[in-house]
Amino acid sequence: MDTALPANTFSWNNLGDIQLGRPNLGPMVPVVAYRLLRSTLWEMLIGEFGPEKANDIFRRAGNLTGKEFCHNLLDKNLPFSEFVAQLQKVLKEQRLGLMRMESMDLKTMRFTLAIAEDLDCSGLPCTNEVVCQYDEGFIAGILEVYTGKEFKVIETDCWASGARVCRFAARLIEDAS
């Protein structure tokens, strides 16, 4: 008997009523709790599927998260510069990171953005690799909902690679080369 959930059964409502359920502890948790969940889940996925498939699963999960995040926490009707400012504000409020748009070309839809104090990796030991595949999908999902076009997002710098910010290059899928 297959007990797997059908694809894309996630709903924002599945997050529950956090105020009702956590009246004393509130909505925020320590970074260590998130990283324990993320790291052990990633380790299990690597053991089960290998690193390439595990990274793909993390990207796809991040993409779904980014889409839901955009639909539920951001105003998609704002002009792009105001949307970016709102995204920066919400990312900071949610303690996900401090985002800075380093370059943007609205004509070609190419963007470079950096995230300092990234939830996934800031403070990790240097392993000379990028580890924020979830964030790649998250950013791509947000951009897709806002623009209505698919994006490929690649992390080019990461705390784990020795940088002190995570830097991402975003390109339209048809222009992702």
Side-chain angles (χ1 to χ4, degrees), residues 27-43 45-46 51-52 54-70 73-76 78-147 149-173 175-177:
M28 299 299 174
V29 297
V31 172
V32 70
Y34 168 77
R35 288 195 181 168
L36 279 168
L37 173 65
R38 182 210 186 282
S39 297
T40 56
L41 180 59
W42 190 69
E43 198 69 29
L45 289 171
I46 286 175
E52 206 170 297
N55 288 337
D56 179 59
I57 291 169
F58 262 73
R59 265 187 217 94
R60 291 186 345 219
N63 188 275
L64 177 58
T65 303
K67 288 175 181 175
E68 292 294 326
F69 185 90
C70 189
L73 296 178
L74 301 171
D75 182 351
K76 302 172 298 291
L78 293 173
F80 189 73
S81 60
E82 291 175 39
F83 178 78
V84 169
Q86 178 190 45
L87 176 58
Q88 289 171 314
K89 180 179 180 239
V90 174
L91 289 174
K92 184 177 181 180
E93 287 171 352
Q94 295 297 314
R95 309 289 193 261
L96 297 175
L98 304 172
M99 188 191 91
R100 179 180 70 247
M101 187 66 75
E102 294 186 334
S103 69
M104 62 179 162
D105 184 335
L106 294 174
K107 191 177 201 178
T108 63
M109 300 299 275
R110 289 176 167 244
F111 310 103
T112 302
L113 57 104
I115 300 179
E117 298 186 38
D118 182 80
L119 181 61
D120 279 347
C121 73
S122 292
L124 289 181
C126 184
T127 58
N128 296 314
E129 59 188 345
V130 295
V131 298
C132 299
Q133 293 80 15
Y134 183 85
D135 293 348
E136 291 173 342
F138 179 74
I139 295 164
I142 290 170
L143 291 172
E144 181 179 337
V145 168
Y146 181 77
T147 65
K149 299 175 182 191
E150 287 188 67
F151 280 80
K152 179 168 183 142
V153 176
I154 301 291
E155 185 178 29
T156 59
D157 291 309
C158 181
W159 186 285
S161 71
R164 289 300 174 246
V165 297
C166 295
R167 186 166 286 107
F168 301 89
R171 309 286 182 260
L172 287 174
I173 289 286
D175 187 37
S177 55

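No experiment lies behind these values; they were computed from the predicted model shown.
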Mind checking what makes side chain to side chain contact (heavy atoms under 4.5 Å, CB included) contact with Leu78, not counting sequence neighbours? Asp75, Glu82, Phe83, Gln86

Partners meeting side chain to side chain contact (heavy atoms under 4.5 Å, CB included) with Arg38 (sequence neighbours left out): Tyr34, Trp42, Phe58, Asp120, Gln133

Taking Asp157's backbone N and O only, do any of them form a donor-acceptor pair with Ser161's side chain (distance below 3.5 Å, no angle check)? no

All pairs passing salt bridge (Lys or Arg N to Asp or Glu O under 4.0 Å) where residues 86-101 contributes a residue, at least two apart: Lys89-Glu93, Arg100-Glu102

Leu96 CG to Leu91 CG distance, which is reported to the nearest 0.5 Å: 5.5 Å

Measuring from atom CG of Leu41 to atom CG of Leu36, what distance do you get when rounded to the nearest 0.5 angstrom? 12.0 Å

Please tell me if the side chains of Arg35 and Leu119 come closer than 4.5 Å, counting only heavy atoms from C-beta onward. no

N/O donor-acceptor pair under 3.5 Å between Asp56 side chain and Glu52 backbone: no

All heavy atoms of Val131 vs all of Glu155, minimum pair found to be N-OE1, 3.4 Å

Identify, with sequence neighbours excluded, every residue that meets side chain to side chain donor-acceptor pair (under 3.5 Å) alongside Thr40. none

For Lys149 and Glu144, what are the C-alpha separation, side-chain angles and deciding distance, and is it a salt bridge (Lys or Arg N to Asp or Glu O under 4.0 Å)? CA-CA 5 Å; Lys149 299 175 182 191; Glu144 181 179 337; over 6 Å; no

With sequence neighbours left out, write down each residue that passes side chain to side chain contact (heavy atoms under 4.5 Å, CB included) with Arg164, or none if nothing qualifies. Trp159

Qualifying residues under salt bridge (charged side-chain N to carboxylate O under 4.0 Å, His left out), relative to Lys76, sequence neighbours excluded: none

Looking at side-chain heavy atoms only, is the closest gap between Leu113 and Arg167 below 4.5 Å? no

Less than 4.5 Å apart, any side-chain heavy atom of Glu150 and any of Leu172? no

What pairs with Glu129 under salt bridge (charged side-chain N to carboxylate O under 4.0 Å, His left out), at least two apart in sequence or on another chain? none

Heavy-atom closest pair, residues Ile115 and Gly97: CG2-CA, 3.8 Å

Restricting to salt bridge (charged side-chain N to carboxylate O under 4.0 Å, His left out), what partner residues turn up for Arg59, sequence neighbours left out? Glu136

Ile139 CD1 to Lys152 NZ distance, which is reported to the nearest 0.5 Å: 14.0 Å

Applying side chain to side chain contact (heavy atoms under 4.5 Å, CB included), name anything that partners Ala170, two or more places apart in sequence or on another chain. Phe111, Leu143, Phe151, Val153

For residues Asn63 and Gly141, report the shortest heavy-atom separation together with the two atoms involved. ND2-N, 3.5 Å

May I ask you to test the Ile142-Leu74 pair for a side-chain heavy-atom distance under 4.5 Å? yes

Could you work out, with salt bridge (charged side-chain N to carboxylate O under 4.0 Å, His left out) as the rule, every residue matching Glu68, not counting sequence neighbours? none

Non-neighbouring partners of Thr65 that pass side chain to side chain donor-acceptor pair (under 3.5 Å), sequence neighbours left out: Tyr134

Ring pair (Phe, Tyr, Trp, His ring centres under 6.0 Å) with Phe138: which residues, sequence neighbours excluded? Phe69

Below 4.5 Å, heavy atoms only, C-beta onward: do Asp135 and Phe168 meet side chain to side chain? yes

Cys121 versus Cys166, closest heavy-atom pair with distance: SG-SG, 3.1 Å

